[in-house]
Amino acid sequence: MSIKALKGFKDILPDEVGLWQFIEQTTRDVFHRYGLEEIKVPTLEKTELFVRTIGESTDIVEKEMYTFTDRNGTSVTMRPEGTASVIRAYIENGLYVRGSVQRLYTIGPMFRHERPQKGRLRQFHQMSVEVLGSNSAMIDTEVMAMAWQILKEIGLQASLEINSLGCTSCRPAFKAALQEFIKVRISYLCEDCQRRSTTNPLRVLDCKSDHCQAEYVSAPSITDHLCDGCCDHFEKVRQTLESLKIPFDVNPKMVRGLDYYTQTTFELITTELGSQGAIGAGGRYDGLVRQLGGPGVPGIGFAMGMERLVMLLSQKEQGEILHALDLFLVTQGDKAYEKGFVLMQALRAEGLRVMMDHEGRSMKNQMKQADKQKAWFALILGTRELENHEVALKDMHSGEQELIELPLTFEDWAAVIKDKIKI
Ligand code: ATP
Ligand code: MG
């Protein structure tokens with residue numbers, strides 16, 4: 001019997017990979033415009049790193065981590081998210097001496113042992129951002145604007161939900177009020193909520209059960225418990241989002257699944273993926289760096305799930321942007337084939353993505369290949385064209401075809417052709 005991939009682990013096949021590259025390139029481009037620098041961190045870390053940051057009584061640490069003991073007896077974990085590793089690297093390598101604010105991003109696979117379903121895998125990919133060293137509300141807005149810009153440039157729409165979770169001075173009072181509220185109706189709540197009421201009361205607000213949510217309609221709201229500092233900060237975030245004309249909703253029940261968040265949290269949500277609608281999420285974590293043994297540096301970050309972006313994008317018509325090739329060179333006759341081969345190399349040197357047939361197939365068959373390989377144009381070179389110093393250029397989408405006159409010197413052909421297709 002042949003060996004199959006593990007459940008929840010997926011191959012990304014060549015047909016799909018164009019979308020992945022497009023999303024990654026667009027995102028990197030936006031990141032760089034916002035002054036971010038890339039950092040690459042390991043996929044395997046000491047288990048303790050995630051337990052201490054994400055939090056003992058979170059779903060991730062309680063039941064989703066790939067944890068095992070390595071050959072030296074050390075408990076290690078395949079990273080379930082990127083923030084903890086990036087902060088560890090920031091502290092371990094003293095990145096704070098490079099400048100007071102570090103803007104970092106990383107792209108790569110994450111691992112969570114969840115129930116696999118559409119848009120939910122056990123190995124998935126995130127593009128994540130961490131901005132360390134500033135508590136300015138403008139940074140929160142900038143980070144959200146950046147996520148917004150990425151979606152816009154990829155061609156997707158989502159709604160932005162924001163909340164403030166307060167800080168170590170105002171959250172305890174809210175937690176106590178919430179615990180009091182839960183205590184009164186504990187017997188009506190689901191088992192998870194009953195358990196969380198003592199281990200991690202804020203998380204009950206995130207419960208997926210409609211029954212529990214009906215109970216929480218009248219629950220105390222974090223918004224009413226924010227201290228003056230957190231109130232001002234949140235107000236500034238909302239004002240600046242408005243001044244950038246980025247639409248958002250305040251959702252006081254959004255608590256996020258990780259323990260390290262303070263003040264601003266946010267989620268980007270789409271209705272087009274059913275219950276896996278969260279395509280990106282993040283928030284501020286002002287105590288995290290110190291908690292991991294680093295300086296008292298505030299931070300904010302977010303992560304976007306690439307699988308969900310790819311799914312959204314593949315549901316849309318993307319014919320315009322995703323050409324795997326710029327040109328497929330169709331030749332007829334031995335002489336045109338030989339000249340065409342040299343021309344293909346020259347076009348590649350000009351920066352174009354070009355392929356041709358080497359199996360002596362008919363012209364009709366070569367046109368079919370051009371289509372199959374998602375070429376934008378087919379460039380047709382036959383004996384007659386060669387003699388007349390011309391080629392036919394066919395736009396594979398519109399079907400329009402034109403004759404291009406070429407210079408007498410063969411060496412100049414590639415530049416003229418490149419100019420013509422304006423890539
Ligand atoms: P969800 O509520 O869908 O479980 P989450 O709150 O656990 O999401 P985060 O930890 O904030 O997600 O991760 C950020 C993004 O990573 C999510 O918005 C989502 O797009 C993506 N993501 C998270 N878990 C998975 C998964 N198992 N498979 C695919 N993508 C995921
Ligand atoms: Mg989750």
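Please read all numbers here as calculations on a predicted model, not as lab measurements.
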Atom [atom1] of residue position [X] - does it have more than 12 heavy atoms of other residues, nucleotides or ligands inside 6.0 Å?
| X | atom1 | answer |
| --- | --- | --- |
| Asp224 | CG | yes |
| Asp70 | CG | yes |
| Met138 | CE | no |
| Glu56 | CD | no |
| Glu405 | CD | no |
| Glu62 | CD | yes |

Which pair of non-hydrogen atoms, one from [X] and one from [Y], has the smallest distance, and what is that distance?
| X | Y | result |
| --- | --- | --- |
| Gly399 | Lys394 | O-CE, 3.8 Å |
| Leu244 | Ala145 | CD1-CB, 4.0 Å |
| His233 | Ser136 | NE2-C, 3.9 Å |

Exam field: side chain [X] to backbone [Y], donor-acceptor pair closer than 3.5 Å:
| X | Y | answer |
| --- | --- | --- |
| Thr409 | Glu411 | no |
| Arg348 | Val354 | yes |
| Thr383 | Gly333 | no |
| Asn163 | Met254 | yes |
| Arg112 | Pro80 | yes |
| Thr262 | Asp286 | yes |
| Gln366 | Thr331 | yes |
| Asp357 | Gly360 | yes |
| Gln123 | Gly8 | no |
| Arg79 | Ala84 | no |

Quiz item: Hey, what's the ring geometry for Tyr105 with Phe31, parallel, tilted or perpendicular (30° and 60° as the breaks)?
Solution: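 Aromatic pair Tyr105/Phe31 classed tilted.
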Exercise. Name the orientation class of the two ring planes belonging to Tyr285 and Tyr260 (parallel below 30°, tilted from 30 to 60°, perpendicular beyond 60°).
Key: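 Ring orientation, 0 to 90° scale: perpendicular.
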Strictly below 4.0 Å, N to O, side chains only: are [X] and [Y] in salt-bridge contact?
| X | Y | result |
| --- | --- | --- |
| Glu267 | Arg256 | yes |
| Asp29 | Arg33 | yes |
| Asp59 | Arg196 | yes |
| Glu387 | Arg384 | no |
| Asp192 | Lys208 | no |

Self-check item: Close side-chain approach of Met356 and Phe341, heavy atoms under 4.5 Å
Solution: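 A side-chain contact exists here, since the closest heavy-atom pair is under 4.5 Å.
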Practice problem: Would you tell me whether Thr83 and Glu130 have side-chain atoms, one donor and one acceptor, within less than 3.5 Å of each other? | Solution: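 Indeed, the side chains of Thr83 and Glu130 share at least one donor-acceptor pair under 3.5 Å.
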Quiz item: Using a distance-only test with no angle check, is there a side-chain donor-acceptor pair under 3.5 angstrom linking Ser128 and Thr106?
Solution: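 Side chains of Ser128 and Thr106: no pair found under 3.5 Å.
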Exercise. Provide the full list of salt bridge (charged side-chain N to carboxylate O under 4.0 Å, His left out) pairs with a residue in residues 290-313, sequence neighbours left out, each pair given once.
Key: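 Not a single pair qualifies under salt bridge (charged side-chain N to carboxylate O under 4.0 Å, His left out).
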Practice problem: Answer yes or no for Lys339 and Phe410: cation-pi contact, defined as NZ/CZ to six-membered ring centre under 6.0 Å and angle to ring axis within 45°. | Solution: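 Yes, cation above the ring, under 6.0 Å and within 45°.
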Self-check item: Pairs meeting criterion side-chain hydrogen bond (donor to acceptor under 3.5 Å, both in side chains) with involvement of residues 1-27, two or more places apart
Solution: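 Matches after skipping sequence neighbours: Glu24-Arg28.
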Quiz item: Does the side chain to side chain contact (heavy atoms under 4.5 Å, CB included) test come out yes or no for Ser75 and Thr67, once each step is laid out?
Solution: CA-CA 7 Å; Ser75 177; Thr67 298; 3.5 Å; yes
Quiz prompt | Steps toward salt bridge (Lys or Arg N to Asp or Glu O under 4.0 Å) verdict (Lys236, Asp140) | solution = CA-CA 10 Å; Lys236 203 159 262 141; Asp140 302 36; over 6 Å; no
